[in-house]
Amino acid sequence: MSASTVSPATDEPGVFSAEAAATQGVGSRMARLLAAIPTWILWLVVIIWTVPTIGLLVSSFRPPSAINNSGWWEAILPQNWDQFTLSNYEDVFAASSARPSLTTNLLNSLAIVLPATVIPIGIATIAAYGFAWMEFKGRNWLFVGLIAMMALPNQMTFVPLIQLFGGGASWTIPFTEQTLRLFPDLGINGTAASVWLTHTSFGLPLAIFLLHNYISQLPSDIFEAAKVDGANHFTIFTKLVLPLSAPAIAAFGIFQFLWTWNDFLIASVFLDGDTVPMTVALVNIVGEQGQNAHLRFPAGFITIVVPLVVFFSLQKHFVRGLLAGSVKG
Amino acid sequence: MGTLVSTLISVVAAIAISGVVFVGFNALIDATGNRWPVSVAGLGGFIGMIVGVIVQHNGWLKLGGDLGGPLQPGWLTILLGVVVGAAIGYGFGAVRTPPLPVRQRVENRWRPVAFVGPAVAFVVLGLVLPSIKTIIISFRAGRRGEGGASLDNYEQIFADDDFFNVTDFDRIFTSRLFIVALLGVIIAVFAAYASASQLGAEAEARATRLGMRAIGIGAGLVAALMIIGLIEGIARTPNQSWIYDNILTPVVQSRISLWILVAVFFGGGLAYLARSRQVSIKAAAAGADTSTTAANGPTDNLAISSSNSGLNRSPIAGLHPGLVASLGAAAVISIVLGVTGLVTTAEFTSLVLLVAGLALLAVVLVTNSRLGNLDLGAPTASLSLVVAGILLGLAVFSTLQSVLWNNLWWVATVTGLSTVLGLLLAILADRARGEIAARTLIFLPMAISMVGAAVIWDFVFELQASGTQTGLINAILQGLGFKARGFFINSTLIPWNNFWIMLIMIWIQTGFAMVILSAAIKGVPGELVEAARVDGANEVQVFWRVIIPQIRTTIVVVVTTLIIGVMKVFDLVKATTGGANRTNVLANEMFNQLRDSNFSLASAFAVVIFALVVPVMVLNVRRNLRELAG
């Protein structure tokens with residue numbers, strides 16, 4: 001940043017504008033250094049933001065004895081490089097009496113995340129098209145009601161859902177002995193299905209909101225043209241809307257993927273034992289403490305590396321989705 | 001592996017079946033145009049299926065054998081229902097085909113059902129009905145909600161001091177934070193007075209000198225203490241230190257946080273002062289009348305307060321020498337009070353309250369006007385008010401320590417700091433070198449799970465009972481000569497251990513606020529900023545009077561999103577302290593009750609969280625309705 005282009009809002013904390021410094025006879029180099037203060041602060045914050053994660057990564061490759069006796073930053077010194085080892089990872093992937101191998105948890109996570117991402121996308125895309133391009137009574141109210149559910153705390157549904165998944169729902173008709181079964185006993189308590197069903201219903205409002213924002217912005221000319229050609233809503237949806245809304249679908253897909261992979265609450269409410277995903281396994285490992293305290297580093301790193309890879313490779317879509325969901329129009 | 005494969009197979013099967021149903025339903029609707037009986041047959045078949053399912057599930061008619069798998073015994077009942085229903089439907093349809101407009105209307109009515117129906121059904125079944133049931137259970141007695149209607153659960157929550165503390169309310173008024181907050185209010189009043197009144201040039205100059213000197217003394221005190229601590233930390237051997245024993249005693253160390261607050265508070269004043277002097281020097285050199293910087297620019301917000309009062313003063317509205325003097329005096333006073341610990345007596349509080357009241361009265365009398373004439377919108381006045389508000393909040397939350405107040409503390413702290421920090425970073429990053437890389441790295445924690453973040457930060461704050469400290473923070477503390485200490489689980493740190501857990505959430509959420517606000521800032525029309533500059537506004541004014549009003553709606557969105565997210569915070573607390581040492585929050589207590597199979601109390605906790613979110617929900621609904629209309 002050159003001294004003369006101290007950008008508008010950036011020199012806010014800088015009482016030291018380059019111009020003032022120059023008039024006071026200080027050398028222009030000094031002035032330039034002072035003008036760059038905002039950039040310094042920015043990078044200082046970046047370092048503070050990043051260092052903790054690096055600490056976890058470095059520690060995961062250090063032997064337990066080194067972890068307990070010296071700071072992880074010492075491992076970066078060249079003379080300590082031969083300490084690096086994969087033994088922590090081997091330990092955490094080995095099954096023990098206390099818990100299964102982490103491979104099990106990885107697969108559990110995938111078994112939850114994949115359906116919980118794909119299903120809401122399907123349901124929400126058709127619903128978003130319906131809300132955006134179909135006229136029907138009460139459309140706005142229904143739509144606003146649906147997306148208001150975005151703010152619903154997950155906790156509100158746990159008790160009834162546990163009962164529903166475990167025993168279905170039935171209704172005893174008043175004044176009779178008859179019990180009417182309203183919802184079948186799926187018997188899916190403690191299985192991945194209960195978790196992805198829950199994730200699906202929680203993901204739907206945001207999915208509909210994001211996709212609706214996108215699909216409603218598509219130019220209406222193409223729909224008019226298709227209608228003139230005799231296409232009905234179903235054809236328009238499959239032939240036009242689906243391919244066109246790929247970016248929005250990608251954006252929501254990443255959201256839902258990150259959300260379900262990172263979820264701890266829903267998984268720990270519905271799952272137990274060998275069926276738990278990575279996040280719950282990580283907390284269990286942290287809770288073990290004692291001899292296995294070092295295992296939290298490899299387990300932690302594996303837990304965060306999957307979303308990080310997704311995040312880095314699809315960052316553009318992620319940010320776009322974030323912006324579409326928050327700053328509309 | 002087995003779980004994954006079987007899950008994938010069942011998911012693919014479910015998706016395929018749903019796809020067939022969706023396509024089939026659409027085909028039936030298409031048939032309304034030229035094959036009416038087929039459509040009616042479809043409707044009949046559907047009704048028949050439902051009847052069949054009900055009949056079969058309740059065992060009123062048993063047909064067919066057990067095929068195993070997903071096909072329950074009695075599947076034939078359902079099939080029979082479908083066939084009979086379809087046949088009846090086809091018959092009805094064939095008897096009479098209604099005219100085209102009617103068929104058109106049928107299509108227009110049922111097509112949206114095909115598209116919107118599945119989502120609505122899912123949300124109603126998965127979210128709306130369970131929520132209603134949760135509310136009902138929460139108002140029932142018995143652990144599983146099997147008893148009659150009662151308020152037991154809520155009474156249990158609100159009567160228990162651990163959940164909802166009001167008995168310590170009077171202790172707020174004797175807390176140090178409350179006193180400093182009061183000082184902030186006094187300063188704000190003076191600032192507002194200064195902004196709305198006029199003083200002679202000579203008095204101005206004298207007050208400026210006085211204020212500069214006072215601020216200098218205050219800042220010098222803080223700096224000296226910090227430097228002494230640093231030197232001492234480098235030079236000494238651990239725990240054998242004259243300074244540690246005599247000056248930086250644990251009591252003093254415990255107040256350092258307060259000094260930092262004070263320093264930040266008055267550092268802001270100092271920056272404003274330096275800025276205004278610099279600008280006035282420049283203006284004097286140019287011989288321009290800087291007070292007429294008023295706006296004929298595109299926004300009304302540009303109308304700077306100095307132009308309404310028509311005074312020839314410092315170009316920064318509201319920055320008045322008189323206020324600078326009071327700022328400086330307050331800085332010195334607060335530091336002295338903070339160190340001596342004088343302020344925690346009730347007598348002192350009453351004294352400050354009295355002074356505050358008298359000051360207010362004096363200002364009102366001197367300005368010979370109503371309170372409304374005070375310029376509370378002036379930057380320094382509003383800044384002081386904001387800081388005072390923050391301190392007041394801290395005083396309330398740290399005194400009333402209990403589950404519900406903790407939640408509110410979380411929301412206030414994390415939402416406020418994340419938004420402010422995100423805004424600052426967005427401005428810093430705007431057009432800076434390496435902007436995209438910096439933004440990505442700050443944004444990165446968004447992708448990390450709360451549990452992962454807890455593990456990361458638990459390690460940063462780690463405390464080794466003896467020997468070398470392996471946690472980053474404690475290693476630094478030890479290096480500086482302070483005692484290593486626990487942060488999350490530390491009974492001497494209560495209630496401030498909460499703050500260190502909140503820090504993790506801020507680490508996660510700041511990136512979110514930054515990305516969104518940064519996009520909004522880039523969306524502010526360049527002409528608007530240019531016009532303001534041409535009219536003579538400086539950068540601070542451009543920021544406060546142009547950019548902030550332009551991105552106000554975005555800020556509201558960020559704040560509401562954060563509130564919703566933070567209100568149900570759970571993972572972080574669970575993974576760091578588990579709610580021990582007074583760090584418990586509503587969601588964690590809800591989870592504990594759920595694990596304890598106390599369903600009705602768990603529901604009551606859920607409802608309390610929900611009730612706290614409702615205002616934000618209403619706000620969102622209103623905004624969405626407005627956007628749909630516009």
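Side-chain atoms are counted along with the backbone in the values below, which use heavy atoms only and exclude waters and symmetry mates.
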Is chain A contacted by the side chain of [X], its backbone, both, or neither, given a heavy-atom distance below 4.5 Å?
X: B:Pro445; result: side chain
X: B:Leu441; result: both
X: B:Val460; result: side chain
X: B:Val616; result: neither
X: B:Leu421; result: side chain
X: B:Leu444; result: both
X: B:Phe570; result: side chain
X: B:Val23; result: both
X: B:Asp571; result: both

Chain A contacts, top residue of [options] (heavy-atom pairs, under 4.5 Å):
options: B:Val124, B:Val613, B:Ile563, B:Asp458; result: B:Val613
options: B:Val116, B:Asp30, B:Ile564; result: B:Val116
options: B:Ala447, B:Ala27, B:Gly471, B:Gly578; result: B:Ala447
options: B:Thr440, B:Ile132, B:Leu612, B:Val558; result: B:Thr440
options: B:Gly19, B:Ser131, B:Gly452; result: B:Ser131
options: B:Thr510, B:Ile521, B:Asn108; result: B:Thr510

side-chain contact (heavy atoms from CB on, under 4.5 Å) between B:Lys133 and A:Val159, worked out: CA-CA 9 Å; B:Lys133 193 168 180 203; A:Val159 171; over 6 Å; no
Any side-chain heavy-atom pair from [X] and [Y] closer than 4.5 angstrom?
X: B:Asn620; Y: A:Val144; value: no
X: B:Phe591; Y: A:Phe158; value: no
X: A:Gln155; Y: B:Phe605; value: no
X: B:Leu472; Y: A:Val51; value: yes
X: A:Phe311; Y: B:Ile448; value: no
X: A:Trp72; Y: B:Thr470; value: no
X: B:Trp507; Y: A:Ile48; value: no
X: A:Val286; Y: B:Val455; value: yes

For chain B, the option from [options] that forms the most heavy-atom pairs under 4.5 Å:
options: A:Val269, A:Ile208, A:Ile254, A:Val118; value: A:Val269
options: A:Thr50, A:Val280, A:Val45; value: A:Val45
options: A:Leu258, A:Asn140, A:Leu161, A:Thr303; value: A:Asn140
options: A:Leu56, A:Val306, A:Leu204, A:Leu265; value: A:Leu265
options: A:Pro307, A:Gly130, A:Ala127, A:Pro153; value: A:Pro153
options: A:Ala151, A:Gly71, A:Ala148; value: A:Ala151

Under the salt bridge (charged side-chain N to carboxylate O under 4.0 Å, His left out) test, residues paired with A:Arg62 that sit two or more places apart: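 Residues passing salt bridge (charged side-chain N to carboxylate O under 4.0 Å, His left out) with A:Arg62: none at all.
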Could you work out, with salt bridge (charged side-chain N to carboxylate O under 4.0 Å, His left out) as the rule, every residue matching B:Glu435, not counting sequence neighbours?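 By the salt bridge (charged side-chain N to carboxylate O under 4.0 Å, His left out) rule, B:Glu435 matches B:Arg439, B:Lys522.
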From [atom1] ([X]) to [atom2] ([Y]), nearest 0.5 Å:
X: B:Thr560; Y: A:Met150; atom1: OG1; atom2: CE; value: 9.5 Å
X: A:Leu42; Y: B:Ile427; atom1: CG; atom2: CD1; value: 12.0 Å
X: B:Phe459; Y: A:Thr53; atom1: CZ; atom2: OG1; value: 12.0 Å
X: A:Gln163; Y: B:Arg144; atom1: CD; atom2: CZ; value: 7.0 Å
X: A:Ile304; Y: B:Ile456; atom1: CD1; atom2: CD1; value: 4.0 Å
X: A:Asp263; Y: B:Ser449; atom1: CG; atom2: OG; value: 10.0 Å

Please classify the contact of [X] with chain B as side chain, backbone, both or neither, using a heavy-atom distance under 4.5 Å.
X: A:Ser59; answer: side chain
X: A:Phe312; answer: side chain
X: A:Phe131; answer: both
X: A:Trp261; answer: neither
X: A:Ile126; answer: both
X: A:Glu74; answer: neither
X: A:Ile162; answer: side chain
X: A:Trp259; answer: neither
X: A:Ile147; answer: side chain
X: A:Leu142; answer: side chain

Does [X], at its [atom1] atom, have more than 12 non-hydrogen atoms belonging to other residues, nucleotides or ligands within less than 6.0 Å?
X: B:Arg109; atom1: CZ; answer: no
X: A:Leu44; atom1: CG; answer: yes
X: A:Trp141; atom1: CH2; answer: no

Look at the side chain of A:Asn262 and the backbone N and O of B:Met450, then say whether any donor-acceptor pair between them is shorter than 3.5 Å.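 A pair under 3.5 Å: no.
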Indicate yes or no for a side-chain donor-acceptor contact from B:Thr468 to the backbone of A:Ser70 under 3.5 Å, with no hydrogens or angles considered.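 No; judged by distance alone, with no hydrogens or angles, the pair does not exist.
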Aromatic rings B:Phe22 and A:Phe237: how do their planes relate, parallel, tilted or perpendicular, breaks at 30° and 60°?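 Answer is perpendicular, since the angle exceeds 60°.
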Return the minimal non-hydrogen interatomic distance between A:Phe136 and B:Pro112, and the atom names on each side.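 What the structure gives for the nearest pair is CD2-CB, 3.4 Å.
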How close do B:Lys568 and A:Leu152 get, heavy atom to heavy atom, and via which atoms?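 That would be NZ-O, 4.1 Å.
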B:Phe443 and A:Phe318 aromatic centres sub-6.0 Å: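 So the answer is yes for these two rings.
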